[in-house]
Participant: 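The structure's right below; bear with me while I get my questions together.
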Amino acid sequence: MRPIRTFAAALALAMSFSGCVIQTDHSSVFNHITLHDGSILVHAQNAPDAVMTPSGDLTIDGKAVTLTPDQRDLLKQYYAQVMMIRDDGIATGKAGAAMAGHVIGSVASGLAHGNPDSIGPAIESRAKGIETKAMAICNDVEALRTKQTAIADALPAFKPYALIEANEVTDCRSQ
């Protein structure tokens with residue numbers, strides 16, 4: 001039964017990342033980063049929202065923050081990294097859904113052909129692929145954490161929004 005548990009764990013992990021990592025309309029795994037109308041909203045407790053655009057513009061509490069070219073470049077990188085997390089989450093979710101269909105087919109085929117021993121290896125090889133995709137998301141989260149720290153160091157107004165902690169990267173990798 002190990003293959004079924006492997007599949008279940010991989011599917012649960014994939015579904016937890018499928019669009020939920022960074023999602024539209026105020027929902028994210030971090031509970032402080034959302035996408036809305038092409039902009040990133042970064043929420044911080046007891047602080048107004050920070051809004052970041054793809055071009056690296058930053059507003060806090062509706063007021064434009066004056067940026068140097070280097071600060072703007074860091075904000076563009078942050079934006080791109082958030083989008084990468086979203087895209088990798090969607091790809092992982094799709095792979096998880098495809099795996100579910102494959103598992104059902106493998107189980108049916110293995111049982112119909114009297115070869116239940118073929119089920120486990122097929123499931124495990126697919127689960128490894130999803131695990132690899134999920135680890136890519138964890139790498140993305142680590143890169144985003146690095147970018148948020150660089151922004152907070154270069155732009156003190158962003159410090160309240162640098163909320164991704166090292167343990168979130170560690171937790172992601174231990175799923």
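What you see is a predicted model; the values in this text were computed from it and never measured. Sequence positions, counted from 1, serve as the residue numbers for this chain.
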Participant: Below 4.5 Å, heavy atoms only, C-beta onward: do I40 and L35 meet side chain to side chain?
Facilitator: yes
Participant: CG of D171 to CD of E165: how many Å apart, nearest 0.5 Å?
Facilitator: 11.0 Å
Participant: Might you point out which heavy atoms bring C138 and V169 nearest each other, and give the distance in Å?
Facilitator: O-CG1, 4.3 Å
Participant: Tell me, which pairs form a ring-ring contact (aromatic ring centres under 6.0 Å, His included) where one or both residues lie in residues 79-100, sequence neighbours left out?
Facilitator: none
Participant: Could you measure the distance from the OG1 atom of T59 to the CG atom of L41? Nearest 0.5 Å is fine.
Facilitator: 8.0 Å
Participant: State the CD1-CG distance between I85 and N139, to the nearest 0.5 angstrom.
Facilitator: 10.5 Å
Participant: Not counting sequence neighbours, list each pair that qualifies as a salt bridge (charged side-chain N to carboxylate O under 4.0 Å, His left out) and has a residue in residues 136-145.
Facilitator: E142-R173
Participant: For the atom pair OG1 (T66) and CD (Q71), what is the distance rounded to the nearest 0.5 Å?
Facilitator: 9.0 Å
Participant: Test of understanding: clusters of I, L, V, M, F, W, Y form through side-chain heavy atoms closer than 4.5 Å, transitively. Do V65 and I33 belong to the same one?
Facilitator: yes
Participant: Output yes when a side-chain donor or acceptor of Q81 lies under 3.5 Å from a complementary backbone atom of K147, and no otherwise.
Facilitator: no
Participant: Can you tell me how far CG of D49 sits from NE2 of H43, rounded to the nearest 0.5 angstrom?
Facilitator: 5.0 Å
Participant: Output every pair passing salt bridge (charged side-chain N to carboxylate O under 4.0 Å, His left out) with a member in residues 58-67, not counting sequence neighbours, ordered by first then second residue.
Facilitator: D61-K63
Participant: Taking salt bridge (charged side-chain N to carboxylate O under 4.0 Å, His left out) as the cut-off, I'd like each qualifying pair that reaches into residues 65-79, sequence neighbours left out, listed once.
Facilitator: D57-R72
Participant: Compare every heavy atom of S39 with every heavy atom of T53, then report the nearest pair and how far apart it is.
Facilitator: CG2-OG, 3.9 Å
Participant: Any chain of hydrophobic side-chain contacts (each under 4.5 Å) joining M83 to Y78?
Facilitator: yes
Participant: Considering non-hydrogen atoms only, spot the tightest contact between A50 and L58 and give its length.
Facilitator: CB-CD1, 4.0 Å
Participant: Applying side chain to side chain contact (heavy atoms under 4.5 Å, CB included), can you list everything that pairs with D37, at least two apart in sequence or on another chain?
Facilitator: none
Participant: Pair up each side-chain donor or acceptor in residues 151-163 with any protein partner under 3.5 Å, not counting sequence neighbours, and list the distances.
Facilitator:
from : atom 1 : to  : atom 2 : distance (Å)
Y161 : OH     : P48 : O      : 2.4

Participant: What distance do I164 atom CD1 and L144 atom CG have between them, rounded to the nearest 0.5 Å?
Facilitator: 3.5 Å
